[in-house]
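Okay, structure first, notes after.
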Number of protein chains: 2
Amino acid sequence: MSAAPLVPSVALAVDLAVLTLRADRLHVLLVRRGVPPFEGAWALPGGFVGPTEDAETAAWRELAEETGMGQVPGSGHLEQLRTYSAPDRDPRDRVVSVAHVVLAPDLPDPTAGSDAAEARWWPVEEILDPAPAAAAPVLAFDHAEILTDALERVRAKLEYTTLALEFVTEPFTLGDLRRVYAAVWGAPPDLGNFRRKVLGTEGFVVATDDHGGDSGRPARLYRRGPARLISPPMLRTPGED
Amino acid sequence: MSAAPLVPSVALAVDLAVLTLRADRLHVLLVRRGVPPFEGAWALPGGFVGPTEDAETAAWRELAEETGMGQVPGSGHLEQLRTYSAPDRDPRDRVVSVAHVVLAPDLPDPTAGSDAAEARWWPVEEILDPAPAAAAPVLAFDHAEILTDALERVRAKLEYTTLALEFVTEPFTLGDLRRVYAAVWGAPPDLGNFRRKVLGTEGFVVATDDHGGDSGRPARLYRRGPARLISPPMLRTPGED
DNA sequence: ACAATAGTGTCTTTTAGACAGTATTTG
DNA sequence: CAAATACTGTCTAAAAGACACTATTGT
């Protein structure tokens, strides 16, 4: 006979804020819940952590299930955001969620996962802005808070890391990269100053000999460089959102 | 009859990296474990999250239990660090820990807590450095990794926030504040440039009319200002560690 | 007087901000 | 040709880095 559990147990979940760029706007992957609670509501994709997994492994697995994104290095970035543990964040059971942020280059339209009735990309601003016009969903659980925190994390990290590279596919132009900053920060950095900073940061990008582009003068194509930090940082000053 | 639990449950804990400055060196609060596993080993203080608590509330409670630090605003800073969830991080049960960082001004020597046989402040460098001379303990669980991550978080945040204020008691001199940076970064920032930056950042500190100091010319005394961000940041360039 | 710390000033270099101008492509 | 984007250059302002120098206290 063992003592009553002094140590309450919780269900451990992961939630994913999967961000990508589509048509120069930041989008987040949402799934329509097929099971209670919040059945029928839109939510961030996620799932429970298996008995032999850590949170990050579970997050990669869920990501693969929802999007088909593999753990292929260089084809996406996943990092822990923070843990949400309010006792009543799930109205039925005690579920603690380790939220993660995923940055991905443009992905195909998702297919419904196992426990999701539907899945699609939504422009982030439509989800977070109080614009009453659009048919933007109200997210289940505390997922709006998670998305807000994820967005602020990404905005901040574009300042002092080369994380913007995770949003583009190789090869890319400096215009492509600049549009990443424009979409995340809400306003494009000055053209000349942006080029000076990117090209002046050793290892940010690696030039190729090729050129390409959709319209206008063909631009030089680049690949991702090995640098991970931008020092001193590229600060955002213009209209934040 | 309900289905077998597809959702494995875990025990949810918090661990605290409580950092303070003593004699111009950064110290961390360690407790000697009084119960298995790792009985007798040194570890970060922590405990389990109660059924009606979120992780941060539990962290504040554990902090009060271990140190007597209350939730008094302005007398300490607590923030979530990250969650450690490796399935085997506890050799006996599945325990997931939401680690937190606490910055505190110099506190009295701790008293043993409920499940801790002993508690004391240890210089951080002695714990993390591979100096074989000192009788520095090897931390239980993955607590050395947590401490490393906590230290890097604090080092980074001193660059772009006014968090150094959390290490000093009011009123304080600019020399006191500079010694915080020296201890955390491993080398003091240039005297003149540091003063220019702190005094030039509106709301970092608020001057009083009083003077004080232990030796040398008495210095003006300051109180904490309302500013939380330093922009542009004060970058650390000298010997990092 | 000397040690110790506080406080000020200044010169140089780096970097960012602002913006003008030229270049090369498509329609 | 105009539109669109790529690319380069330049002037200015802000900030940091590296110091030197003066000021005020205790011993």
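Just so we're on the same page: letters track the sequence lines, and every chain starts at 1. Hydrogens, waters and symmetry mates are skipped; everything else that's a heavy atom, side chains included, is used. Bear in mind the structure is a predicted one, so any value in this text is a computation, not a measurement.
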Does the pair A:Arg61 and A:Glu56 meet the rule for a salt bridge (Lys or Arg N to Asp or Glu O under 4.0 Å), with working shown? CA-CA 9 Å; A:Arg61 176 179 51 73; A:Glu56 185 173 324; over 6 Å; no
Taking atom types as they are modelled, is there a donor-acceptor pair under 3.5 Å from the base of C:dG9 to the side chain of B:Arg195? no
Distance, nearest 0.5 Å, that separates CD1 of B:Ile146 from CZ of B:Arg153: 12.5 Å
Judged by nearest nucleotide, the residue sitting upstream toward the 5' end of DNA chain D, B:Pro232 or B:Asn193, is B:Pro232
Go through it in stages, so that I can follow the logic: the residues are B:Lys197 and B:Glu159, the test is salt bridge (Lys or Arg N to Asp or Glu O under 4.0 Å), and I'd like the CA-CA distance, side-chain angles, deciding distance and then a yes or no. CA-CA 11 Å; B:Lys197 185 70 177 176; B:Glu159 292 190 311; over 6 Å; no
Apply the test side chain to side chain contact (heavy atoms under 4.5 Å, CB included) to residues B:Leu26 and B:Leu151: give CA-CA distance (whole Å), side-chain angles for both, the deciding distance (0.1 Å), then the verdict. CA-CA 10 Å; B:Leu26 198 60; B:Leu151 184 57; 3.5 Å; yes
Say whether B:His100 and B:Asp15, considering side chains only, have a donor N or O and an acceptor N or O under 3.5 Å apart. no
Quick check for you: to the nearest 0.5 Å, what is the distance between A:Phe167 atom CZ and A:Leu158 atom CG? 7.0 Å
C:dT15 phosphate, OP1 or OP2: any side-chain N/O from A:Lys197 under 4.0 angstrom? no
Decide yes or no on side-chain hydrogen bond (donor to acceptor under 3.5 Å, both in side chains) for B:His77 and B:Glu79, but give the supporting numbers first. CA-CA 7 Å; B:His77 170 92; B:Glu79 70 177 47; 2.8 Å; yes
Rounded to whole Å, CG of B:Asp210 lies from C1' of D:dT24 at a distance of 17 Å
For DNA chain C, determine which residues of residues 199-209 of chain B have any heavy atom closer than 4.0 angstrom to one of its atoms, and list them numerically. none
Give me the residues of residues 167-178 of chain A where at least one heavy atom lies under 4.0 Å from an atom of DNA chain C, by number, or none. none
Taking donor-acceptor contacts at under 3.5 Å, does the side chain of B:Arg196 reach the base of C:dG9? no
Examine the side chains of B:Asp149 and B:Tyr84 and answer whether a donor and an acceptor come within less than 3.5 Å of each other. yes
Nearest-0.5 Å distance that lies between atom CE in B:Met234 and atom OG1 in B:Thr161: 9.0 Å
Distance from A:Arg228 atom CZ to A:Lys157 atom NZ, nearest 0.5 Å? 11.0 Å
Aromatic ring pairing B:Trp185/B:Tyr181, orientation class (parallel under 30°, perpendicular over 60°, tilted between): perpendicular
Between the base of D:dA16 and the side chain of B:Asp190, is one N or O donor paired with an acceptor at under 3.5 angstrom? no
Name every residue in residues 213-223 of chain A that has at least one heavy atom under 4.0 Å from any atom of DNA chain D, in order of residue number, or write none if there are no such residues. A:Ser215, A:Gly216, A:Arg217, A:Pro218, A:Ala219, A:Arg220
